[in-house]
Amino acid sequence: MSINFMTLPRHILEQEKKYPGATGELSALLHDLALAAKVISLEVNKAGLVDILGFTGDNNVHGEQVKKLDIYAHDMLIRAMDHGGHLCVMASEEEENIIHIPQKHKIGKYVLLFDPLDGSSNIDANVSIGTIFSIYRRISPDGTPGTLEDCLQKGVEQVAAGYIVYGSSTILVYTTGEGVFGFTLDPAFGEFLLSHDNIRIPEKARIYSINEGNYKYWRTGLKKYIKYIQAADDRDEKPYSARYIGSMVADIHRNLLYGGIFIYPADKRNPNGKLRLMYECNPMAFIVEAAGGKAIDGKNRILEIQPKELHQRVPIYIGSAEAVDMVKKFLIEDEIEEAVHSKN
Ligand code: AHG
Ligand code: MN
Ligand code: MN
């Protein structure tokens, strides 16, 4: 049996050597994040054992009920990241405003945005959940406190993004834009070991992931697309399999490995969909694109959207390139048809 000793810290350092002039700050930042991930992973694994389940009774900034583990992960990330000297500002899905670096700590040149716990409605059922992070270089002057503008950059400006899935094992996936790498946490070593080298998403999808319970609220183009992939048999192709965990990070992780499309659309009730551009869609789009896939809001690339607010929501169609191109065709055809109808 051979043991792969490419640890996450070693991998980050080797990646960094590819960028001449790199100061090592981004590496240190990723290292700190991995440490926070380990601590959160431990707590997630204990969730069934300790009295941490159940609602806190508070609502987050989106008016959704928050579970204790969300707050734990949010607090842990801030505590792990605010004193490294690498960040000038942070923002979290669980906090309305930007999070400043305490004055006593050095102010760095990077910006960190995160969804501390994604898929939190799954906690009580022992179903996969995750953490998503997104890193930018600051645009405000060095040495000053970071600003809202630092946080509201387009996704294409990300210098790194990643996620951790707390599933049958804990996996951390990250990219700095070139190559996507996955590391599995070895509970014995307490170390992330390279398990998925240079992940490429299959070009063709085999899986679709969408909350089909919302079918009646969808636009015609989306309804037709879903019927199309279900009827693939008529074209001598296998129909897609439906897989929907309800944790975006876990749904996309699976699709990244097996080939698939994940959709959280705009619909009649939610004109901007549900998922957050800064904490969920941009980082996942950066990763999926780096793995050869695509991510759009129905028409345009997610990564090119100019963010207007921290907690902005956006529809998302993300995954295998061919599938994203196909759904886009259905959506645009529907729009053209509607425009023609409304003229007549
Ligand atoms: P969060 O737990 O961070 O609020 O995110 C939950 C999100 C996302 O993970 C998932 O894909 C989606 O909510 C599921 O929404 P539906 O229950 O509407 O399908
Ligand atoms: Mn989320
Ligand atoms: Mn969350």
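Indexing begins at 1, ligand by ligand and atom by atom, following the structure's order.
In this structure, H253 and H196 have perpendicular ring planes: the angle between them is above 60°, well past the 30° mark. Between F262 and Y244, the two ring planes are parallel [angle under 30°; tilted spans 30° to 60°].
Ligand-side atoms of ligand 1 in range of L117: 2 (O), 3 (O), range being under 4.0 angstrom from any heavy atom. Ligand 1 places these atoms under 4.0 Å from at least one heavy atom of Y244: 14 (C), 15 (O), 16 (P), 19 (O). Less than 4.0 angstrom separates some heavy atom of E280 from each of these atoms of ligand 1: 3 (O), 5 (O). When each atom of ligand 1 is checked for a heavy atom of F262 under 4.0 Å away, the hits are 11 (O). For ligand 1, the atoms closer than 4.0 angstrom to any heavy atom of M248 are 8 (C), 9 (O), 10 (C), 11 (O).
When atom types are taken as modelled, the side chain of E14 and the backbone of H11 share no donor-acceptor pair closer than 3.5 angstrom. For R254 (side chain) and R243 (main-chain N/O), a donor-acceptor pair under 3.5 Å exists by modelled atom type. For the pair H311 (side chain) and E95 (backbone), a donor-acceptor distance under 3.5 Å is present.
The two residues P116 and A73 make their nearest non-hydrogen contact at O-CB, 3.6 Å.
Ring centers of F330 and Y225: under 6.0 Å apart, within the cut-off.
Checked by distance only, ligand 1 and V249 stay at 3.5 Å or farther apart across all their nitrogen or oxygen atoms. Between D118 and ligand 1, a contact under 3.5 Å exists for at least one N or O pair. The distance criterion of under 3.5 Å between nitrogen or oxygen atoms is not met by N214 with respect to ligand 1.
None of L172, I135, L8, I164 except one satisfies the side-chain contact (heavy atoms from CB on, under 4.5 Å) rule with L33; the exception is I135.
Comparing heavy-atom distances from atom 7 (C) of ligand 1 across I252, L275, I316 singles out L275 as nearest.
Checking G119 against the Mn ion (ligand 3), every N/O/S atom stays at or beyond the 2.8 Å cut-off. Contact annotation: D115 places an N, O or S atom under 2.8 Å from the Mn ion (ligand 3).
In this structure, CE on M284 lies 10.5 Å from CG on L275, to the nearest 0.5 angstrom. Atoms CH2 and CD, on W218 and E212 in that order, are 4.5 Å from each other to the nearest 0.5 Å.
Closest to the Mn ion (ligand 3) among the N, O or S atoms of E93 is OE1.
The angle that E280 OE2 and D118 OD1 make at the Mn ion (ligand 2), rounded to 10°, works out to 100°.
Within the 4.0 Å heavy-atom criterion, both parts of S120, backbone and side chain, lie near ligand 1. By the criterion of a heavy-atom distance under 4.0 Å, the side chain of D115, and not its backbone, is placed next to ligand 1. For R276, every heavy-atom contact with ligand 1 shorter than 4.0 Å involves the side chain, none the backbone.
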Practice item. Please assess L77 against S92 for the test side chain to side chain contact (heavy atoms under 4.5 Å, CB included), listing each intermediate value before the final yes or no. Key: CA-CA 9 Å; L77 278 159; S92 161; over 6 Å; no

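Y264 counts as a contact of ligand 1, since one of its heavy atoms falls under 4.0 Å from the ligand.
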